[in-house]
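Note: hydrogens, waters and symmetry copies are ignored here, and every other heavy atom, side chains too, is used. Quick note: residue numbers are just sequence positions, from 1.
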Amino acid sequence: MRKLSVFNLLLFLILVASCNSAPKKAGSYMILPSPASMEITGISSVSATVIEAIVKQAKSDFIAGKSLAGTSEVSLSLETTSGLKPEAYTLEITEAHVEIKAATKVGLWYGLITLGQLVQDALDQEAALPLISIKDEPALNYRAVHLDVKHHLEKKEYYYELMDELAEQKINGIILEIEDKLAFEKQPKVGSSDAWSIAEWKNLSDHAMARNIRISPLVQGLGHASFILKHEEYKDLRDDPESDWAFNPLDDRTYEVQFDLYSDALEAFPHAQYLHVGGDEVHTTGRGSGKSPLELQLTWLNRVSEYAENKGLTPIFWDDMPLKNAGVYNSIFNRNLSEAQVDSIWSANEPNLNTYVDMFPKNCVYMRWNYSMPETIGNNRAMKWFTDHGFQVMGATAGQTRWNLMPLEESNTANIRDFALISIENKAEGLLLTLWDDDSPHFELYQRGIAVFAEYTWSGQKRTSGELHAAYRQRTFGAELASEDFAFINELEGPVAFWKNALLDDKDRNRLRMMGNPMQDAVLALPEAGKPGAWAEANAEKLAKATENQQVIESVLNTISASKEAALRNAYRLDVYEQVAKVAQFTNKSLLLLAEWDLAKTDEERDAAKKKLLNLENEWKEQLAELEAVYGKTRELNKPDDYILDQDHHVHLANQAIKFSDWQFYVEDLFLQKIKEGNSLEMTSEIENN
């Protein structure tokens, strides 16, 4: 008798153990992203435990580059003449067998991912696998996530785990905005001291590619160039000698530096299909050359696009500046404009684009980014201008824009959905989900937005937002958490939005570093002992919101606690949400304590409230230490001590200090210092007389 392999022996033992014990209960199956078509007709006798082992081995074989032969229980059929698209597959679970068919190995890979989700749901619920028939293919070919590492890095192992998670959601591309987090060899001054080497990034790129995810670099060029131009060695390349924002596009050395950076980045990401060159949000003068801003930008774009073409890559360019320079940009961000009004704007200003149309490189993808209203007539008109002139255009939506503590607006669900549906309707090649790190929430909080993006770009609109969020919870934590009883994220958004500026007097958290005395001029004024009740009256609206928020947060924290008890996986994500809730809770508590002091009826009551206020500093230190311990499990919290901050033209919180707590919680520090030093709290008075 032939000797059994270790895997076959293990599978045999599992099969024997599972005989006569297969559950007959039907389960709830929530595949994410939704298959193109799925029909469940009953309960299968196939053992989920047996299939789990087979799926795990088959995935391992795919990642290792081996052939996918299947087993007697699971057939994996590669049918190159089936007519199926490259990423498409069919999946059938019958009474006693599973079969996946595809025209490519990638199709089989995605079929295995779907089968794995079915198995996970069955095991989570101690249910039988379903009798099911699935026919599936993506609505968009390119479904890419943008990773922005410019302000901080995660710990290395986190990125590897992230690639695994993105693959499970059928994401097939990453645009990685590398800035100074690559240790450039040809321009070594640019890389920060915590940057990864070319070899380290290449290892991650290989890991992703083995899971059908191509990483392509984004190396900012004409503008957003502070990570380069802040250094003394490159100041002569500035368009404006006083600003580290933009390169001079008429200086040949500009291209020597940029091409060196491209060369190293492409070595770090050898599987790239695109070279994203940036190019957004920049006006250049060419040092008094007399050329128009649009002409200068297109001069630069042609040089860098030619470089990409010579490397066999397609350049991607943010398209906003040509549209701004031509005078049509405002039509994109106004929902109230009628079609006639948009036509009028374009009729008057489109000649400004057409004058330079021959300068637009044909090999470039023009990325139409719109994070708030992709459905507008103006946005569609802009995309049409590019396609009408024979240019490639691709959209970019966002899972994170400028929200400080966590993504809001249901993780931007509506805008992700709208841009995905527009892209599908217009038969676009793909869509990008940007995840900007400007104000740098914890990355775990981006994950729901990624799941939303994965759904809409693969499937279109097959679920309501509520159904989609339920599917996200089931996939992320387990079937029990799909229930609305565990849907706390949307509830937390209101208190977090309030938190941002609640401790300020009509000022914005991001802009305090620009002020000479922010504690005096921005932080909330304290109540005065000689005017009891006046502060509470002046801040009545804010106090009412704080009271309401405390009730919401208490409910959220209870739900998170219950979720931790019920979750089968990803408890860490719940830990992160819990820390966010506690930060918002602290702010509300602080406001209510000030009101308690202000509204005290006796000196004894006021003194008791004062002691609580003065103890807030200790409470905050404990809360901050707890948060940093949680965040620090996956995140490099602080920048290196030798890091040079740039001029912060876009007031990014995460660019305003070296230490995490100094930029994320600068307001809290100022507020607590003001309480400690505020002489109004030191005053005594006859409260009853007042």
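Contact check for Leu504 versus Leu512: side-chain heavy atoms found under the 4.5 Å cut-off. Residues Gln117 and Tyr29 are not in side-chain contact: their nearest non-hydrogen atoms beyond the backbone lie 4.5 Å or more apart. Residues Asp485 and Thr559 have side chains not in contact (no heavy-atom distance under 4.5 Å, counting atoms from C-beta outward). Contact of the Leu614 side chain with the Ile675 side chain is registered, since non-hydrogen atoms from C-beta on lie closer than 4.5 Å. The shortest distance between side-chain heavy atoms of Thr434 and Thr401 does not fall below 4.5 Å. Counting heavy atoms from C-beta on, the side chains of Arg475 and Asp121 come closer than 4.5 Å. Side-chain contact between Val523 and Val667 is absent, with no heavy-atom pair separated by less than 4.5 Å. No side-chain heavy atom of Asn638 sits under 4.5 Å from any side-chain heavy atom of Tyr643.
Looking at Asp180, its side chain never comes within 3.5 Å of a backbone N or O of Phe227 through a donor-acceptor pair. Between the side chain of Gln647 and the backbone N or O of Ser226, no donor-acceptor pair lies under 3.5 Å. With hydrogens and angles ignored, the 3.5 Å screen pairs a side-chain donor or acceptor of Lys155 with a backbone N or O of Gly632. Remark: the backbone N or O of Ala525 is paired with a side-chain donor or acceptor of Asp505 at under 3.5 angstrom. Tyr371 places no side-chain N or O within 3.5 Å of a backbone atom of Ala396 that could act as its donor or acceptor partner. Between the side chain of Lys674 and the main chain of Met519, a donor-acceptor pair closer than 3.5 Å is present. Side-chain atoms of Thr376 come within 3.5 Å of backbone atoms of Ile332 as a donor-acceptor pair (strictly under, hydrogens ignored). Arg573 places no side-chain N or O within 3.5 Å of a backbone atom of Phe477 that could act as its donor or acceptor partner. Of the possible donor and acceptor atoms, one in the side chain of Gln656 sits under 3.5 Å from a partner among the backbone N and O of Asn510. Remark: side-chain polar atoms of Glu455 are paired, donor with acceptor, to backbone N or O of Ser34 under 3.5 angstrom.
Annotation: the span from Leu543 atom CG to Glu541 atom CD amounts to 10.5 Å, rounded to 0.5 Å. Lys150 contributes atom NZ, which lies 4.5 Å from atom CD of Glu177 (distance to the nearest 0.5 angstrom). We find the CZ-OH distance between Arg463 and Tyr456 to be 9.5 Å, quoted to the nearest 0.5 Å. Annotation: the span from Leu431 atom CG to Arg143 atom CZ amounts to 11.0 Å, rounded to 0.5 Å. The CG atom of Asn588 sits 12.0 Å away from atom CD of Glu554, with the distance rounded to the nearest 0.5 Å. Here the CD1 atom belonging to Ile377 is positioned 8.5 Å from the CD atom belonging to Gln341, to the nearest 0.5 angstrom.
Atom CG of Asp642 has more than 12 neighbouring heavy atoms from other residues, nucleotides or ligands inside a 6.0 Å radius. For Asp506, the CG atom counts as loosely surrounded, since its 6.0 Å shell holds 12 or fewer non-hydrogen atoms of other residues, nucleotides or ligands. By the neighbour-count criterion of 12 heavy atoms within 6.0 Å, atom CG of Asn615 is densely surrounded, having more than that number from other residues, nucleotides or ligands. Residue-environment remark: NZ (Lys545) stays at or below the threshold of 12 foreign heavy atoms within 6.0 Å. A 6.0 Å sphere centred on CD of Glu619 holds more than 12 heavy atoms belonging to other residues, nucleotides or ligands. Atom CE of Met515 sits in a crowded spot, with more than 12 heavy atoms from other residues, nucleotides or ligands closer than 6.0 Å. Residue Lys564 qualifies as enclosed at atom NZ: its count of foreign heavy atoms under 6.0 Å is above 12. Under a cut-off of 6.0 angstrom, the local environment of NZ in Lys582 is crowded, with over 12 non-hydrogen atoms contributed by other residues, nucleotides or ligands.
Remark: Glu668 engages Arg509 in a salt bridge, criterion side-chain N to carboxylate O under 4.0 Å. Between Arg569 and Glu168, no side-chain nitrogen of the basic residue sits less than 4.0 Å from a carboxylate oxygen of the acidic one, so the salt-bridge criterion is not met. The existence of a salt bridge linking Lys531 and Asp598 is excluded, since no basic side-chain nitrogen approaches an acidic carboxylate oxygen closer than 4.0 Å. A salt bridge does not link Arg448 with Glu410: none of the charged nitrogens is closer than 4.0 Å to a carboxylate oxygen.
Nearest heavy atoms, Met406 versus Glu493: CE-CG, 3.9 Å. Nearest heavy atom pair, residue Asn415 against residue Thr397, reads O-OG1, 3.7 Å. Annotation for Lys181 and Val149: closest pair CG-O, 3.1 Å, computed over non-hydrogen atoms. Shown here for Tyr446 and Trp436, the closest heavy-atom pair between the two residues is OH-O, 3.1 Å. Scanning both residues, Asn412 and Ala398, for their nearest heavy atoms gives ND2-O, 2.8 Å. The shortest non-hydrogen separation linking Trp499 to Leu405 is CZ3-CB, 3.8 Å.
Side chain to side chain, Ser561 and Asn558 fail the donor-acceptor criterion of an N or O pair below 3.5 Å. With hydrogens and angles left out, the side-chain atoms of His283 and Glu281 include no donor and acceptor closer than 3.5 Å. Ser411 and His469 form no side-chain donor-acceptor contact under 3.5 Å, judged by distance and modelled atom types alone. Between Gln673 and Glu617, the side chains place no donor N or O within less than 3.5 Å of an acceptor N or O (distance only, hydrogens not considered). Side chains of Asp240 and Trp245: no donor on one and acceptor on the other come within 3.5 Å.
Taking the six-membered ring where tryptophan is involved, the planes of Phe443 and Tyr158 are perpendicular, since the angle between them exceeds 60° and thus also 30°. Note: Phe660 and Tyr631 have tilted aromatic rings, judged against thresholds of 30 and 60 degrees for the angle between ring planes.
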(request) Using the side-chain contact (heavy atoms from CB on, under 4.5 Å) rule, take Leu672 and Phe665 through it: C-alpha gap first, then chi angles, then the decisive distance, then the call. (result) CA-CA 11 Å; Leu672 292 169; Phe665 300 118; over 6 Å; no
(request) Output, in order, the C-alpha distance, side-chain angles, deciding distance and verdict of ring-ring contact (aromatic ring centres under 6.0 Å, His included) for His442 and Tyr572. (result) CA-CA 12 Å; His442 195 288; Tyr572 177 65; 5.7 Å; yes
(message) Applying side-chain contact (heavy atoms from CB on, under 4.5 Å) to Tyr472 and Val452, what does each step give before you reach the verdict?
(response) CA-CA 8 Å; Tyr472 164 75; Val452 167; over 6 Å; no
(request) Evaluate side chain to side chain donor-acceptor pair (under 3.5 Å) for Asp244 paired with His649, printing each intermediate quantity in order. (result) CA-CA 9 Å; Asp244 63 13; His649 304 274; 2.6 Å; yes
(request) Please assess Leu445 against Tyr577 for the test side-chain contact (heavy atoms from CB on, under 4.5 Å), listing each intermediate value before the final yes or no. (result) CA-CA 7 Å; Leu445 308 179; Tyr577 275 112; 3.5 Å; yes
(request) With side-chain contact (heavy atoms from CB on, under 4.5 Å) as the test, would you mind laying out the steps for Tyr666 and Leu653 before giving the verdict? (result) CA-CA 9 Å; Tyr666 182 49; Leu653 269 186; over 6 Å; no
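Annotation: Trp663 is not in aromatic contact with His652 [ring centroid separation under 6.0 Å not met]. Taking the ring centroids of Phe671 and Trp620, they lie at or beyond the 6.0 Å cut-off.
Cation-pi contact between Arg473 and Phe486: absent, since separation from the ring centre below 6.0 Å together with deviation from the ring axis within 45° is not met.
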